[in-house]
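Values reported hereafter were calculated over all heavy atoms of this structure, with side chains retained and with hydrogens, waters and symmetry mates removed. Owing to the predicted nature of the structure, the values given are computational and were not obtained by experimental measurement.
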Amino acid sequence: PEQLLTANEEDVFIGFSTKRYSKATVEIARALKKRRVKILGIVDNIMSPLTPLADLQFTVRRDVSSFIESEVVPMSLINALVTAIALRHY
């Protein structure tokens with residue numbers, strides 16, 4: 001997107017990198033890192049390809065006792081981040 005073209009050191013990129021790791025997420029993070037954008041990684045494993053690029057990283061579990069991969073933990077983290085940002089700015 002065109003917003004990425006004007007990103008700079010005042011911006012933060014939040015990248016999700018979980019099983020089946022998207023190459024696009026890593027490529028975008030790599031390009032933005034060159035522009036000094038801060039990278040926040042939300043990953044499922046410290047071996048994620050996003051890990052070396054992240055300035056700050058949250059590792060979330062998705063392997064709950066279920067036959068499907070749950071998004072409850074990552075969504076709870078996102079909810080907490082959005083709430084914290086909103087409380088800080090309002």
Side-chain angles (χ1 to χ4, degrees):
E2 57 275 356
Q3 293 89 344
L4 298 177
L5 299 174
T6 59
N8 60 45
E9 64 275 355
E10 295 180 8
D11 295 308
V12 175
F13 172 74
I14 301 174
F16 293 85
S17 185
T18 58
K19 211 179 293 182
R20 293 183 287 287
Y21 307 103
S22 168
K23 288 182 183 179
T25 300
V26 175
E27 290 171 6
I28 291 168
R30 188 173 290 122
L32 291 173
K33 188 78 170 177
K34 290 178 183 175
R35 300 175 70 96
R36 293 186 281 181
V37 171
K38 299 290 186 279
I39 309 297
L40 170 61
I42 299 177
V43 302
D44 65 347
N45 185 311
I46 60 170
M47 299 304 291
S48 160
L50 190 59
T51 295
L53 299 170
D55 296 293
L56 177 64
Q57 176 173 292
F58 291 100
T59 304
V60 296
R61 290 189 58 188
R62 296 176 69 220
D63 60 341
V64 295
S65 299
S66 175
F67 60 93
I68 60 169
E69 292 177 345
S70 174
E71 298 300 332
V72 171
V73 175
M75 291 299 139
S76 296
L77 174 60
I78 293 165
N79 187 45
L81 290 170
V82 168
T83 300
I85 291 167
L87 290 173
R88 187 172 186 185
H89 291 285
Y90 297 104

Any chance you could measure Leu53, atom CG, to Thr25, atom OG1, to the nearest 0.5 Å? 11.0 Å
Are Pro49 and Ser17 packed together at the side-chain level, in the sense that at least one heavy-atom pair is separated by less than 4.5 angstrom? yes
Are Leu56 and Ile78 connected in the hydrophobic side-chain network, where two residues link if heavy atoms are under 4.5 Å apart? yes
For the residue pair Val37 and Val12, establish whether any side-chain heavy-atom pair is separated by less than 4.5 Å. no
When rounded to the nearest 0.5 Å, the distance separating CG of Leu81 from CG of Leu40 is 6.5 Å
Is Lys33 close to Asp55 at the side-chain level, that is, under 4.5 Å between some pair of heavy atoms? yes
According to a 4.5 Å side-chain heavy-atom criterion applied to Ile, Leu, Val, Met, Phe, Trp and Tyr, with indirect links allowed, do Val82 and Leu77 form part of one hydrophobic cluster? yes
If you compare all heavy atoms of Ile42 against all heavy atoms of Ile14, which two are closest, and at what distance to 0.1 Å? CD1-CG2, 3.9 Å
List the steps and the verdict of salt bridge (charged side-chain N to carboxylate O under 4.0 Å, His left out) for Asp11 and Arg36. CA-CA 9 Å; Asp11 295 308; Arg36 293 186 281 181; over 6 Å; no
Would you give the length of the straight line joining atom CG of Asn8 to atom CG of Leu32, rounded to the nearest 0.5 angstrom? 10.5 Å
Grab the two heavy atoms, one from Leu5 and one from Arg35, that are nearest each other, plus how far apart they are. O-NH2, 2.5 Å
What are the two closest non-hydrogen atoms of Gly41 and Ala54, and how far apart are they? N-CB, 4.1 Å
Give the minimum heavy-atom separation between Ala29 and Leu50, together with the two atoms involved. CB-CD1, 3.6 Å
Does Phe16 belong to the same Ile/Leu/Val/Met/Phe/Trp/Tyr cluster as Val73, with side-chain heavy atoms less than 4.5 Å apart forming each link? yes
Atom of Lys38, atom of Glu9 and distance for their closest heavy-atom approach: NZ-O, 4.4 Å
Heavy-atom pair of closest approach, residues Val60 and Pro74: CG2-CG, 3.8 Å
Let me check something: do Phe58 and Met75 share a hydrophobic cluster, defined by ILVMFWY side-chain heavy atoms less than 4.5 Å apart, either directly or through other members? yes
What distance do Ile46 atom CD1 and Gln57 atom CD have between them, rounded to the nearest 0.5 Å? 8.0 Å
Pair Tyr21-Asn45, side-chain donor/acceptor within less than 3.5 Å: no
The reported gap from CD1 in Ile28 to CZ in Phe13 (rounded to nearest 0.5 angstrom) is 5.5 Å
